[in-house]
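Read the structure below first, then the notes.
Reckoned from all heavy atoms, side chains included, excluding hydrogens, waters and symmetry mates. Order of appearance sets the numbers: ligands from 1, and atoms from 1 within every ligand.
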Amino acid sequence: MKVKEIKAKNLKTKKFIDNQVNEIRKAVGKGIAISALSGGVDSSVVTALAHRALGRRLKTYFIDNGIMRKDEPKEVAALFKKMGIPVTIINARKQFFGAMKGITDPEQKREAITQTFYKKVFRDLILKSKATFLLQGTILTDVEETAAGIKRQHNVFEQIGIDPKKAFGYRIIEPLVQLRKDGVRKVGMALGLPKSLFDRIPFPGPALAARVIGEATPRRIELVRQATSIVEKELKGIKAFQYMAIMHEDRVTGMRKGRRDFGMQVEIRCWESIDARKATPTRLPYVKLEKIASRILDEVPGVVSVTYNIATKPPSTIEAV
Ligand code: XMP
């Protein structure tokens with residue numbers, strides 16, 4: 001089924017919100033739905049939209065899969081609580097690390113995360129809460145990249161011929177599927193979300209696992225989490241579409257305290273883009289890059305090399321996995 005795009009410039013937010021609220025109410029009827037909030041722009045907007053439609057019949061969960069950014073579960077839950085939307089945090093770290101154990105292939109890693117979310121964690125939540133629907137923030141770019149075979153986005157099923165009801169036992173509602181990121185932000189603003197949520201840099205469903213090349217072990221995730229936190233703090237306020245740290249699999253010879261140190265490499269990426277379909281590297285000031293590099297070398301144990309990616313998308317993609 002071809003999805004009809006609504007371009008951000010043509011988007012009438014009030015009409016869009018009214019339509020989607022009606023659609024959600026119609027689909028869910030008197031039942032219960034769950035929303036899987038990750039704190040990303042898309043899932044935040046979907047949660048606010050579905051809460052407007054369903055009120056207390058929406059159960060919102062934040063899945064702490066162990067691959068989120070520093071303090072993310074607590075901070076996101078607190079922000080939503082302030083808006084009157086209760087969020088329950090589910091600790092599913094063991095399940096996700098168990099599923100990713102030993103996997104180095106990027107698509108297999110994405111698939112392991114997808115299966116853990118949909119077949120295990122969401123399925124259990126649906127059964128426990130007696131919900132019949134899962135609401136999620138799939139957007140048009142996710143659908144296109146999955147359909148084109150570029151990346152298996154964690155949240156795309158129906159458009160590639162997978163019936164979630166048959167595969168997982170529940171239905172999925174995707175109110176944002178006609179939009180791209182710029183349209184989603186407009187809807188988030190119109191819904192009254194705080195700027196810190198609707199204007200957040202994008203963050204992928206497979207989270208930090210999309211930024212660890214090779215096996216995503218708890219240790220390697222923790223290191224990329226520390227590097228991410230440094231990059232995000234240092235680049236906060238810079239006008240860019242997205243910025244991140246990537247942990248490489250290859251090691252390189254370095255030196256520490258006068259001795260050889262066969263250490264790790266971190267790559268910094270910072271992208272200019274409108275809708276993530278194409279992207280170019282931001283021309284960051286050299287002093288900024290030096291500051292980031294020196295902080296990563298000082299604060300992230302075992303890292304001896306820091307690089308800045310200057311490739312464009314395509315042929316690169318925004319995330320490394
Ligand atoms: P790529 O790496 O494909 O990323 O150039 C394009 C945009 O999408 C985000 N991204 C994802 N978002 N599920 C998502 O919800 C995913 O599986 C996923 N993979 C990448 C990425 O951060 C970028 O903004």
Side-chain angles (χ1 to χ4, degrees), residues 3 8 35-47 62-63 65 67-69 72 76 96 99-100 103 105-118 122 134-157 159-160 162 172 174-177 179-185 188 197-213 216 224 228 231-232 235 240-246 267-282 309 311-321:
V3 180
S35 173
L37 175 67
S38 68
V41 182
D42 309 336
S43 75
S44 297
V45 171
V46 158
T47 300
F62 188 106
I63 312 300
N65 49 17
I67 48 180
M68 288 299 185
R69 286 170 290 189
E72 196 148 32
V76 173
F96 281 90
M100 290 189 295
I103 297 181
D105 177 79
E107 285 300 287
Q108 281 178 16
K109 203 192 299 180
R110 284 177 165 264
E111 190 58 18
I113 294 169
T114 299
Q115 295 301 329
T116 310
F117 265 125
Y118 291 89
F122 293 155
L134 170 72
L135 274 134
Q136 69 174 17
T138 317
I139 62 171
L140 192 51
T141 321
D142 301 339
V143 174
E144 285 173 347
E145 294 205 347
T146 302
I150 297 167
K151 272 184 197 183
R152 171 74 175 90
Q153 305 275 315
H154 77 293
N155 51 4
V156 176
F157 303 102
Q159 297 84 358
I160 53 167
I162 300 172
I172 297 180
E174 297 170 325
L176 308 180
V177 77
L179 307 180
R180 297 188 191 277
K181 198 65 92 191
D182 43 354
V184 178
R185 292 194 204 282
L197 276 176
F198 74 74
D199 217 18
R200 258 189 140 185
I201 53 168
F203 190 64
L208 295 174
R211 298 177 181 176
V212 169
I213 302 174
V224 86
T228 303
V231 170
E232 289 194 353
L235 294 185
F241 180 79
Q242 199 167 356
Y243 33 85
M244 63 194 71
I246 311 273
E267 175 190 328
I268 311 302
R269 294 182 176 193
C270 182
W271 295 107
E272 301 295 308
S273 178
I274 300 207
D275 55 18
R277 279 189 292 180
K278 287 185 193 162
T280 51
T282 306
N309 178 55
T312 54
K313 172 184 178 175
S316 180
T317 56
I318 287 181
E319 306 288 346
V321 167

State whether the side chain of [X] and the backbone N or O of [Y] hold a donor-acceptor pair below 3.5 Å, judged by distance alone.
{"X": "E174", "Y": "Q136", "result": "no"}
{"X": "T116", "Y": "F96", "result": "no"}
{"X": "T280", "Y": "W271", "result": "no"}

Going by the atom numbers of ligand 1, which of them fall below 4.0 Å from some non-hydrogen atom of [X]?
{"X": "I318", "result": "1 (P), 2 (O), 4 (O), 5 (O), 23 (C)"}
{"X": "N155", "result": "15 (O)"}
{"X": "A276", "result": "6 (C), 7 (C)"}
{"X": "T317", "result": "1 (P), 2 (O), 5 (O)"}

Counting heavy atoms only, which of [options] is nearest [atom]?
{"atom": "atom 10 (N) of ligand 1", "options": "P204, P202, S273, S38", "value": "P204"}
{"atom": "atom 2 (O) of ligand 1", "options": "R277, K313, K151", "value": "K151"}
{"atom": "atom 14 (C) of ligand 1", "options": "A209, A210, S316, G205", "value": "G205"}

Would [X] and [Y] pass as an ion pair if we require N to O under 4.0 Å?
{"X": "E232", "Y": "R200", "result": "no"}
{"X": "K109", "Y": "E319", "result": "no"}
{"X": "E145", "Y": "K313", "result": "yes"}
{"X": "D275", "Y": "R277", "result": "yes"}
{"X": "K181", "Y": "D42", "result": "yes"}

Of all the non-hydrogen atoms in the protein, which one sits nearest to [atom], and at what distance?
{"atom": "atom 23 (C) of ligand 1", "answer": "Q242 OE1, 3.4 Å"}
{"atom": "atom 13 (N) of ligand 1", "answer": "H154 ND1, 2.8 Å"}
{"atom": "atom 17 (O) of ligand 1", "answer": "R110 NH1, 2.9 Å"}
{"atom": "atom 3 (O) of ligand 1", "answer": "E145 OE1, 2.6 Å"}
{"atom": "atom 8 (O) of ligand 1", "answer": "Q153 OE1, 4.4 Å"}
{"atom": "atom 22 (O) of ligand 1", "answer": "E319 OE2, 2.5 Å"}

Does an N or O from F241, backbone or side chain, lie closer than 3.5 Å to an N or O of ligand 1?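 Between F241 and ligand 1, no N or O pair is found under 3.5 Å apart.
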Cation-pi geometry met for R269 and Y243 (6.0 Å, 45°):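 Judged by the rule, R269 and Y243 form no cation-pi pair.
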At under 4.0 Å between heavy atoms, which part of T141 makes contact with ligand 1: side chain, backbone, both or neither? neither
If the test is side-chain contact (heavy atoms from CB on, under 4.5 Å), which one of N155, I139, L140, V143 qualifies with V177? V143
Does P206 have a non-hydrogen atom less than 4.0 Å from ligand 1? yes
